[in-house]
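First the proteins, then the strands, lettered A, B, ... as listed; each starts at 1. Predicted model only: the values in this text are computed from it and were never measured.
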There are 2 protein chains.
Amino acid sequence: MGPIRNSTPKSSGRVGAGVISNGIHNYERTKARRRAYRKKMQGEFDEPLRRFLSEKKRMPSFAELMEIWNYRTKSAVHYRIQELADRGVIRKDGTGRIVPLRLEKGTRLLGVVEAGFPSAAEEELLDVMNFDEFLTPNKESSYILKVKGDSMKDAGIQPGDMVIVERKNNYKPGQIVIAMIDGEYTMKYLRKRGEQHYLEPANSRYKPIFPKESFKIEAAVTAVVRKY
Amino acid sequence: MGPIRNSTPKSSGRVGAGVISNGIHNYERTKARRRAYRKKMQGEFDEPLRRFLSEKKRMPSFAELMEIWNYRTKSAVHYRIQELADRGVIRKDGTGRIVPLRLEKGTRLLGVVEAGFPSAAEEELLDVMNFDEFLTPNKESSYILKVKGDSMKDAGIQPGDMVIVERKNNYKPGQIVIAMIDGEYTMKYLRKRGEQHYLEPANSRYKPIFPKESFKIEAAVTAVVRKY
DNA sequence: TTGACTGTAGAACGTTCGTTCTATAGACTG
DNA sequence: CAGTCTATAGAACGAACGTTCTACAGTCAA
């Protein structure tokens, strides 16, 4: 049958000698059908791969791809793999093994609220993103804290939120920082008046804190995460 | 030399016949040194694996592990792999290939601000988390929107924040939802008075919205993310 | 209708894979 | 000091791997 596969396995493959194929066609209609079919198929090559990757946390071997894609030979897989590599979905490393490129699934980016929700056809075009990389590019120096108290309320940080903080070498005024001041940890805006640094809450019910003895900034807040 | 390796490769391996090893030892001191060394080593087996995985997006083969761990034989790798599997760091699938279990690096969870920052020794004990799984468990039905306007300010959602929304079948009062009301998309609290649903902003400068004609809830907000 | 192109089947090949067995140096135990 | 345990080296092995070549049916374009 050629390119249209994934139908019943037995009907695929070459036609035996002596079988006369029907030569009558409506070519235009056939052509259109095939285009649509192939577009659909493309997704049906990628999708099982995605599933395998997220389940097994590794790429399948050619033998496994034979089963996944319903092929009877590895050479057919080889052909398909070449096509996926050309499309940039996967890549081959030095030893021939395949590595994923655009297979990890992310969450779809929709833009501003007014944009409206996409139809199934538009889905493909949406940008995707991975939160782990986005929120903690420097995993080594990042920590997660749970917020207690409402002193940063007007900055949109509520009790129960999680903040991602990062240890750095120097901290700039205007940043929200975690500081050890007079023996206690606290999260506030870092401000500077003249040469003196001080801490300012984002809540009119609290007053700025001017350090008396010890004053050490431990980390800067790089992100806020809240889950309902 | 035995278990203490990763020194210069040439000095490892068996001592040639005729070489008489020095029998004089302070056993207690040696023992303590070895324990500390081995603990340090443990990390030096896991770390290169982590790096390989995050760079190449796949687990290394035994031959590659030989280079990574500075072994001269695959049987030594086999031995180490067994130990990693016992510790639950990796797992072997049916065909002998190794799959990661506790290798993906997460961000360390510290708890409330008051907890203080951990020393290098305490690092190991911290819980880690992966934001991608945490924020979007259902990737298929989740979308990301960028917030415009300050109508949800008092709910800690500011302009420029990203909200993760999820399409559902039914929405409960009290949730923050994305709704199409009278032809426009908006993000508000979903409220219910008697039998009538309406939308309420979290900003005293705005008033509740009672739907006139069309009213359709598109999605519910499941999380808020802000990055500085 | 012809010729080129596409997609799969099938077989053979050399390479790489993880496993296993033996040997041994050094550390540890009593 | 002798015996045991741990961690590595080294070699051999069968299974699985990805590659390549040939053949051919079906599609497509001229």
Side-chain angles (χ1 to χ4, degrees), chain A residues 1-7 9-23 25-35 37-38 41-42 45 59-66 69-83 85-86 92-98, chain B residues 1-7 9-23 25-35 37-38 41-42 45 59-66 69-83 85 90 92-98:
Chain A
M1 287 184 64
I4 303 177
R5 16 155 321 288
N6 260 344
S7 53
K10 214 50 239 167
S11 74
S12 64
R14 66 187 70 164
V15 174
V19 175
I20 299 169
S21 60
N22 183 353
H25 291 294
N26 179 329
Y27 274 98
E28 285 311 310
R29 205 170 55 191
T30 307
K31 210 192 296 184
R33 246 205 326 261
R34 280 202 68 249
R35 290 240 176 75
Y37 206 83
R38 208 187 297 183
M41 279 296 130
Q42 196 179 74
F45 286 120
M59 291 297 267
S61 70
F62 278 40
E64 288 167 327
L65 284 170
M66 275 175 57
W69 286 338
N70 255 321
Y71 283 131
R72 301 169 68 180
T73 60
K74 283 193 286 183
S75 61
V77 172
H78 189 265
Y79 187 92
R80 261 277 89 72
I81 284 290
Q82 198 55 51
E83 188 260 345
D86 290 345
K92 290 193 178 187
D93 69 3
T95 68
R97 280 175 293 226
I98 55 177
Chain B
M1 286 183 66
I4 303 176
R5 19 155 318 288
N6 259 342
S7 52
K10 214 50 237 165
S11 73
S12 64
R14 66 187 71 163
V15 174
V19 175
I20 300 169
S21 60
N22 183 354
H25 292 295
N26 179 330
Y27 275 99
E28 285 312 308
R29 203 171 55 192
T30 306
K31 209 192 298 186
R33 245 204 328 260
R34 279 202 69 249
R35 292 240 175 74
Y37 207 83
R38 208 185 299 181
M41 279 297 131
Q42 196 179 75
F45 286 120
M59 291 296 268
S61 70
F62 278 41
E64 289 167 325
L65 284 170
M66 276 176 55
W69 285 338
N70 254 322
Y71 283 131
R72 302 170 67 182
T73 61
K74 284 194 286 183
S75 61
V77 172
H78 190 265
Y79 186 94
R80 262 276 91 71
I81 284 291
Q82 196 58 51
E83 187 259 348
I90 60 170
K92 290 192 179 186
D93 69 1
T95 67
R97 281 175 291 226
I98 56 177

Note to self: Rounded to whole Å, please give me the gap between CZ in A:Arg97 and P in D:dT19.
What the structure shows: 11 Å

Check: From D:dT19, D:dC17, D:dT8, pick the nucleotide closest to the side chain of A:His78?
Finding: D:dT19

Check: Please give, in whole Å, the distance from D:dA9 P to B:Tyr79 OH?
Finding: 13 Å

Notebook entry, point to check: Can you find a heavy atom in the side chain of B:Ile98 that is under 4.5 Å from one in the side chain of B:Asp93?
Noted result: no

Next item on the list: Nearest whole angstrom, please: distance from the P of D:dG18 to the CD1 of A:Ile98.
Entry: 7 Å

Notebook entry, point to check: How would you label the contact of B:Ser75 with the nucleic acid (heavy atoms, under 4.0 Å): base, sugar-phosphate, or nothing?
Noted result: base

Check: Base, sugar-phosphate, or nothing for A:Thr73, non-hydrogen atoms under 4.0 angstrom?
Finding: base

Margin query: Given D:dA9, C:dG7, C:dA9, identify the nucleotide with an atom nearest to the side chain of A:Arg80.
Written below: C:dG7

Notebook entry, point to check: Between atom CG in A:Asp86 and atom P in C:dT6, what is the gap in whole Å?
Noted result: 12 Å

Notebook entry, point to check: Can you tell me how far C1' of D:dT20 sits from CD of A:Gln82, to the nearest Å?
Noted result: 13 Å

Next item on the list: Determine yes or no for a side-chain-to-main-chain donor-acceptor pair under 3.5 angstrom, with B:Trp69 supplying the side chain and B:Phe45 the backbone.
Entry: yes

Next item on the list: Starting at atom OH of A:Tyr71, determine the distance to atom C1' of D:dG18, rounded to an integer number of angstrom.
Entry: 16 Å

Next item on the list: Kindly indicate, with the supporting measurements, whether the criterion side-chain contact (heavy atoms from CB on, under 4.5 Å) is fulfilled by A:Ile81 and A:Phe62.
Entry: CA-CA 9 Å; A:Ile81 284 290; A:Phe62 278 40; 4.1 Å; yes

Note to self: Nearest whole Å is fine: how far is D:dA12 P from B:Lys74 NZ?
What the structure shows: 13 Å

Note to self: Whole angstroms only, please: what is the CG-P distance between A:Leu65 and D:dA16?
What the structure shows: 16 Å

Notebook entry, point to check: What heavy-atom pair brings A:Met66 and A:Lys74 nearest, and what distance separates the two atoms?
Noted result: SD-CG, 3.5 Å

Next item on the list: Consider the side chain of B:Phe62, meaning its heavy atoms from C-beta on, and name the nucleotide among C:dT8, D:dA9, C:dG18 that approaches it most closely.
Entry: C:dG18

Next item on the list: Compute the angle between the rotation axes at the two ends of the helix from C:dT1-D:dA30 to C:dG30-D:dC1, each taken over five pairs, rounded to 10 degrees.
Entry: 40°

Next item on the list: Mind checking A:Lys92 for me? I need base, sugar-phosphate or nothing, with any heavy atom below 4.0 Å counting as a touch.
Entry: sugar-phosphate

Item checked: Listed partners of B:Glu64 passing side chain to side chain contact (heavy atoms under 4.5 Å, CB included), at least two apart -> A:Arg97, B:Phe52, B:Arg58, B:Pro60, B:Ser61

